[in-house]
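All figures in this text were calculated on a predicted structure; none of them were measured in a lab.
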Amino acid sequence: MNETSALNEPSSPSVAPRTYEVRTYGCQMNVHDSERIAGLLDEGGYVPAPEGAVADLVVFNTCAVRENADNRLYGNLGHIASVKAEHPGMQVAVGGCMAQKDRDLIVRKAPYVDVVFGTNNLGSLPVLLERARIRQEAQVEIKEALETFPSNLPTHRDSAYAAWVSISVGCNNTCTFCIVPSLRGKETDRRPGDVLNEIRTLVDQGVQEVTLLGQNVNAYGTGWFGPEDADTSVDHQAFAKLLRACGEVEGLERVRFTSPHPKDFTDDVIAAMAETANVMPQLHMPLQSGSDDVLRRMRRSYRSERYLGILDRVREAMPHAAITTDIIVGFPGETEADFEQTMEVVRRARFSAAFTFLYSIRPGTPAATMPDQVPDDVKHARYQRLVDLVNEIAWEENKKLVGRTVEVMFADGEGKKDSDTRRMSGRARDNRLVHVAVPEDPAQRPRPGDIAETVITYAAPHHLNADAGITGLRRTRGGDAWQARQQVESAPAGVGLGMPTLRPAPVGLGMPAARG
């Protein structure tokens, strides 16, 4: 029997299926990859480990963007080593950007790891696990080129009503602080028909919100995927066309996307956002720095005035759009004057939120060897000043919404204190987090995925409260899908509910929830 057939052979009824846990670090692309990893394991006969139980397989889906990523990974691997020693047969796999970067080094530093796989070959994981079990030695497989888009693999979605959809992977930019292009490769784009077919399939399953994913979504159309594609033409309006096509998908309530790049952001995309009803009035536009000198050293091919001009045109087309951003503090050579320019751009941009980061050295990037590295104490002081300003502005912007009616799509797990406050939480169309007072009566209470209107009664920097109740509650297909999943999960073994077959319970992805 070969290794692949051994993997696919059904388990003996008397043997419990192997359990797994996926631990995810990093960006939305990694979260999307983890859902596919979980889907592959489901298909291979594994089941998610119960909360608090030791899994038979632990998969680390890693990030390599931050300086402490190496220490964090090896620290977690060191902890799992003692757990594995007490559980014979347990396996450990490492994937993601750190695996792509470190390859054989992971096995040398942590010889108890069974499988190392890269960002381009997620689909190889089940076979590599079986090969490691049969051969009793670590398996390392890193592909330099993308084998298949993550969205083409089986999925184990964390949500019944919302989904990630990958439209491109890789990046053609050369930002001096970023290691992503060397780990995920050049940009390759899925054909629009493939993207739309996936979205329609998701909608048929009850999904009503999709987030289009790419390292640079508005460069979509510059590198079509697949050796069978003779067409190498570039379509600079492909992303705007895709947004408009999403507007024609019946049953798709909300469309979001992340992340665009200011250098490629064009007016046709703004028009498509404003004119397509299910594309949300929300934009995450990374700034990184408000200093033109720093932007030049970052090799970000736009300047602050161009960036602010894009925001002006977005707000002209969508006056109530919420705009968020990413900012790096303490890039090499950043002076106090440079930092003050960033603060001024933040004041003018009026962001509803910002994800702020202390610059950290990533070996292999041009910025790692640049002179004039900023001292840590200076970076931390600037960082705190920036966070204080961002919070002040976000609070001011949120206060403008008090008394306004907003549409909320309720969500599962968005409000940690919901049970104590008798609220349910969800997202407004502009993606702001809203905690809503809801009726106690289950017949009048929304389910995750359902949609209602409410009036904002209180504003904080990072959330809104709505304690005036709800109106216009709409039971949605997304809410139906959530309820069906709950019924399947709570049914005793062997009880048929007449419901469509669904994936097992959501996988704990280990993502940090706090804002920067």
Side-chain angles (χ1 to χ4, degrees), residues 27-33 35-37 39-40 43 118-124 143-155 157 162-173 180-181 183-205 207-252 254-261 263-266 268-273 275-276 278-280:
C27 65
Q28 294 95 332
M29 192 70 75
N30 270 19
V31 176
H32 180 59
D33 286 350
E35 292 186 334
R36 305 303 165 170
I37 290 169
L40 285 162
E43 193 172 73
T119 58
N120 291 322
N121 60 317
L122 299 182
S124 301
K143 299 290 187 180
E144 297 299 333
L146 184 69
E147 289 188 336
T148 184
F149 271 86
S151 293
N152 293 335
L153 298 171
T155 184
R157 292 199 320 276
W164 311 101
V165 175
S166 176
I167 68 170
S168 68
V169 297
C171 184
N172 293 335
N173 295 314
V180 167
L183 301 179
R184 290 192 177 266
K186 291 290 186 180
E187 178 179 330
T188 51
D189 303 323
R190 293 175 76 196
R191 290 287 176 179
D194 294 338
V195 174
L196 292 168
N197 284 340
E198 181 186 354
I199 291 173
R200 294 188 188 99
T201 299
L202 290 167
V203 171
D204 288 342
Q205 296 170 355
V207 168
Q208 58 197 30
E209 176 179 285
V210 299
T211 301
L212 306 177
L213 283 182
Q215 302 296 152
N216 180 8
V217 291
N218 51 327
Y220 178 71
T222 60
W224 300 120
F225 175 73
E228 72 283 0
D229 288 327
D231 178 15
T232 58
S233 60
V234 173
D235 184 354
H236 292 293
Q237 294 191 336
F239 186 59
K241 294 175 183 176
L242 181 62
L243 290 178
R244 292 183 184 276
C246 287
E248 299 174 4
V249 177
E250 186 175 353
L252 182 60
R254 294 183 172 190
V255 177
R256 306 187 191 278
F257 59 87
T258 192
S259 290
H261 192 296
K263 79 178 181 65
D264 296 311
F265 204 87
T266 50
D268 61 305
V269 172
I270 297 174
M273 292 175 65
E275 296 165 10
T276 308
N278 62 1
V279 176
M280 295 297 95

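- Taking both residues in full, the closest heavy atoms of Ala272 and Ala240 are given as CB-O, 3.7 Å, listed atom of the first, atom of the second, then distance.
- Partners of Ala245 according to the side-chain contact (heavy atoms from CB on, under 4.5 Å) rule, which considers only residues two or more places apart in sequence or in another chain, are Leu196.
- Annotation: side chain of Met29 is not in contact with side chain of Thr119 (no heavy-atom distance under 4.5 Å).
- Using a 4.5 Å heavy-atom cutoff, the side chains of Asp189 and Glu187 are in contact.
- Looking at Val203 and Val210, their side chains never come closer than 4.5 Å, going by heavy atoms from C-beta outward.
- In this structure, the separation between NE2 on His32 and CZ on Arg157 is 11.0 Å, given to the nearest 0.5 Å.
- With values rounded to the nearest 0.5 angstrom, Glu248 atom CD is found 10.0 Å from Asn278 atom CG.
- Looking at Leu243 and Phe257, their side chains come closer than 4.5 Å, going by heavy atoms from C-beta outward.
- Contact annotation: the side chain of Asn172 approaches that of Lys186 to within less than 4.5 Å [non-hydrogen atoms, C-beta and beyond].
- Ile199 CD1 to Asp194 CG: the interatomic distance, rounded to the nearest 0.5 Å, is 11.0 Å.
- With sequence neighbours excluded, no residue forms a ring pair (Phe, Tyr, Trp, His ring centres under 6.0 Å) with Phe265.
- Note that OG of Ser259 and CG of Asn218 are 9.5 Å apart. Values are rounded to the nearest 0.5 Å.
- Remark: side-chain polar atoms of Asn120 are paired, donor with acceptor, to backbone N or O of Lys143 under 3.5 angstrom.
- A search for side-chain contact (heavy atoms from CB on, under 4.5 Å) contacts involving Lys263 returns Asn173, His261, Ser301, not counting sequence neighbours.
- In this structure, Glu198 and Arg190 have side chains that are in contact, with non-hydrogen atoms separated by less than 4.5 Å.
- Legend: salt bridge (charged side-chain N to carboxylate O under 4.0 Å, His left out) pairs involving residues 214-225, not counting sequence neighbours: none detected.
- For the atom pair CG (Leu213) and CD1 (Ile167), the distance works out to 8.5 Å, reported to the nearest 0.5 Å.
- Here Tyr220 contributes atom OH and Asp264 contributes atom CG; the two are 15.0 Å apart, rounded to the nearest 0.5 Å.
- For Asn197, the side-chain contact (heavy atoms from CB on, under 4.5 Å) partners at least two apart in sequence or on another chain are Arg200.
- Residue Cys246 is tested with Val165, Thr276, Val255 for a side chain to side chain contact (heavy atoms under 4.5 Å, CB included); the sole match is Val255.
- Residues satisfying the side-chain contact (heavy atoms from CB on, under 4.5 Å) criterion with Thr266, sequence neighbours excluded, are Asp268, Val269.
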